[in-house]
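Since the structure comes first, as structure tokens, the remarks are kept for the end.
Labels below follow one simple rule: chain letters A, B, ... track the order of the sequence lines, proteins then strands, and each chain is numbered from 1.
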There are 2 protein chains.
Amino acid sequence: MSRPGTKGVPREQREQQILEIATTEFGGRGYAYTSLTDIATAAGVSKPLIYTYFGSRDGLHAACVQRAGKSLVDAVASAQTVSGADKALATLTAIFRALDGQTENWKLIYDTTLPRPSEAYALAREYQDALNTMGAEGVAEVLAGSDDADDHSLLLALWFSIVSTTIAWWSENPTQTPQQMTERCLRLFTAVRQPA
Amino acid sequence: MSRPGTKGVPREQREQQILEIATTEFGGRGYAYTSLTDIATAAGVSKPLIYTYFGSRDGLHAACVQRAGKSLVDAVASAQTVSGADKALATLTAIFRALDGQTENWKLIYDTTLPRPSEAYALAREYQDALNTMGAEGVAEVLAGSDDADDHSLLLALWFSIVSTTIAWWSENPTQTPQQMTERCLRLFTAVRQPA
DNA sequence: CGGAGAATTGACTCTACGGTAAATTACCGC
DNA sequence: GCGGTAATTTACCGTAGAGTCAATTCTCCG
């Protein structure tokens, strides 16, 4: 593309730029289908530069995941109002508000093409669990009477996947506002609750 | 490994053997992380043989998906008793019974590492949809009053993911019998229904 | 103005994988 | 027994992607 030699962009700034693009790429196509060459091209930068800054493909990916994960956790935490009843639904609402505009981050953290097991998956999983735990309290409430560990385990997994699916649905129907999503979920929730 | 020349195994039989092994490999590690060399080695057969019989990696994968998909659809269809109330739960039960021993097939059809979009994904998706539709009737019932298409769309996606997640959980806790799974789901279902 | 160090790249290596060509062996009908 | 055909392999090609080396240019400080 262009000649070698510095362009005067300081490292910190380039790193941020690369992280943003890489997050979009990794999140969009998935880890398994995103090559460093792809990212370098998209970022308008050469491959060796990425290596000098992030060490390896996995290093870059890890950096993206950390950034995205922190951002999501912060957003959800600060959006979470301590509502009394129906904590689960409140958490969903918080997530919807927090996610407005960070769907790339979400897709990165919940990338299903990550190899399992792997370092990359383990790291993403940490943030998944962190976000998960924020909703777990309300979920555990539902099974207050029971002490069956497997029941809790499965219900948590289900909660997990419900959130993921809803977000995925949202990112395929992006015209929806957080407000609308909340209302929609409330409708479905109550509909399911009512005996048929 | 061994010298060329036939070993007297007829084509049909070899094909079946390869299909079985390939299903396990594709289903286990995921499409994105399973190479033909892996499969050939696991099947104790050479790569060109697979090409002669299935044409390409995608050809082999497609054959696996068809086989697995048909088997699953058949099993679920025949296990599905027309119970009156709570069709969704009945379908889940049917799936649990049908799935006993075919978790490999399930993992293949619901492989999340498939590239999207792609022929391979489209085919797997067909069977996902087919299985999905079998439960969809009960799901639609829940929203009998509403005609909001988006509501139906999201709820269907959720149903979808609930089934997937439960199966995934099961395949990580394989000591559970279908009976136990059914009871567990019933417990969770009623627990969620009761207002907290 | 000169040079040290940061920023940046083109061009390379190595490996793994999808796919192919051609040769080899065993079986089966005549 | 013999030739045709089905079954099967070894050895190879082309490509793409991870990772590396050494050279080049800019900036900024003295």
Side-chain angles (χ1 to χ4, degrees), chain A residues 1-22 25-26 28-65 111 113-115 118-121, chain B residues 1-22 25-26 28-65 111 113-115 118-121:
Chain A
M1 275 291 172
S2 68
R3 328 210 306 277
T6 182
K7 282 163 196 151
V9 182
R11 173 164 186 161
E12 180 63 24
Q13 190 178 329
R14 261 284 136 80
E15 282 183 355
Q16 292 308 317
Q17 174 204 348
I18 294 173
L19 281 178
E20 261 173 54
I21 304 268
E25 296 285 316
F26 275 135
R29 258 166 284 183
Y31 174 90
Y33 301 100
T34 306
S35 75
L36 254 175
T37 312
D38 289 343
I39 296 173
T41 304
V45 127
S46 77
K47 223 168 29 153
L49 188 64
I50 300 189
Y51 277 94
T52 19
Y53 286 170
F54 298 97
S56 70
R57 184 172 102 117
D58 281 1
L60 172 60
H61 182 261
C64 290
V65 168
D111 184 355
T113 76
L114 286 169
S118 71
E119 290 287 326
Y121 175 69
Chain B
M1 272 290 172
S2 68
R3 327 208 307 274
T6 183
K7 283 162 193 153
V9 182
R11 174 165 185 158
E12 180 63 25
Q13 190 177 329
R14 261 285 134 83
E15 283 184 354
Q16 292 309 317
Q17 174 206 346
I18 294 173
L19 280 178
E20 262 174 51
I21 305 264
E25 297 285 316
F26 275 135
R29 255 165 288 182
Y31 174 90
Y33 300 100
T34 307
S35 74
L36 254 176
T37 313
D38 289 343
I39 296 174
T41 305
V45 127
S46 78
K47 227 172 22 158
L49 188 63
I50 299 188
Y51 277 95
T52 332
Y53 286 170
F54 298 96
S56 70
R57 184 173 102 116
D58 281 359
L60 172 60
H61 183 261
C64 289
V65 168
D111 184 355
T113 77
L114 286 169
S118 71
E119 289 288 326
Y121 175 70

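- Between A:Arg3 and C:dT9, a side-chain N or O to OP1/OP2 separation shorter than 4.0 Å is absent.
- Spacing between atom CZ of B:Arg14 and atom P of C:dA26 amounts to 14 Å, rounded to whole angstrom units.
- Spacing between atom NZ of B:Lys47 and atom P of C:dA21 amounts to 14 Å, rounded to whole angstrom units.
- B:Tyr53 comes within 4.0 angstrom of sugar-phosphate atoms only, judged by non-hydrogen atoms across all strands, and of no base.
- When the C1' atoms of four end pairs are superposed on the next four at each end of the helix from C:dC1-D:dG30 to C:dC30-D:dG1, using five pairs per end, the two resulting axes differ in direction by 10°, to 10°.
- Between the OH atom of B:Tyr51 and the P atom of D:dC13 there is a distance of 17 Å, rounded to whole Å.
- Counting to the nearest Å, the C1' atom of D:dG17 and the OH atom of B:Tyr33 are 14 Å from each other.
- Within 4.0 Å (heavy atoms only), B:Ser35 reaches sugar-phosphate atoms of the nucleic acid but no base atom.
- Annotation: salt bridge (Lys or Arg N to Asp or Glu O under 4.0 Å) contacts of A:Arg14 (sequence neighbours excluded): none.
- A:Asp58 pairs by the salt bridge (Lys or Arg N to Asp or Glu O under 4.0 Å) definition with nothing, not counting sequence neighbours.
- Rounded to whole angstrom, the span from the NZ atom of A:Lys7 across to the P atom of D:dC26 amounts to 10 Å.
- Heavy atoms of other residues, nucleotides or ligands lying less than 6.0 angstrom from CD of A:Glu119 number 12 at most.
- At the heavy-atom level, A:Leu49 lies under 4.0 Å from base atoms of the strands shown.
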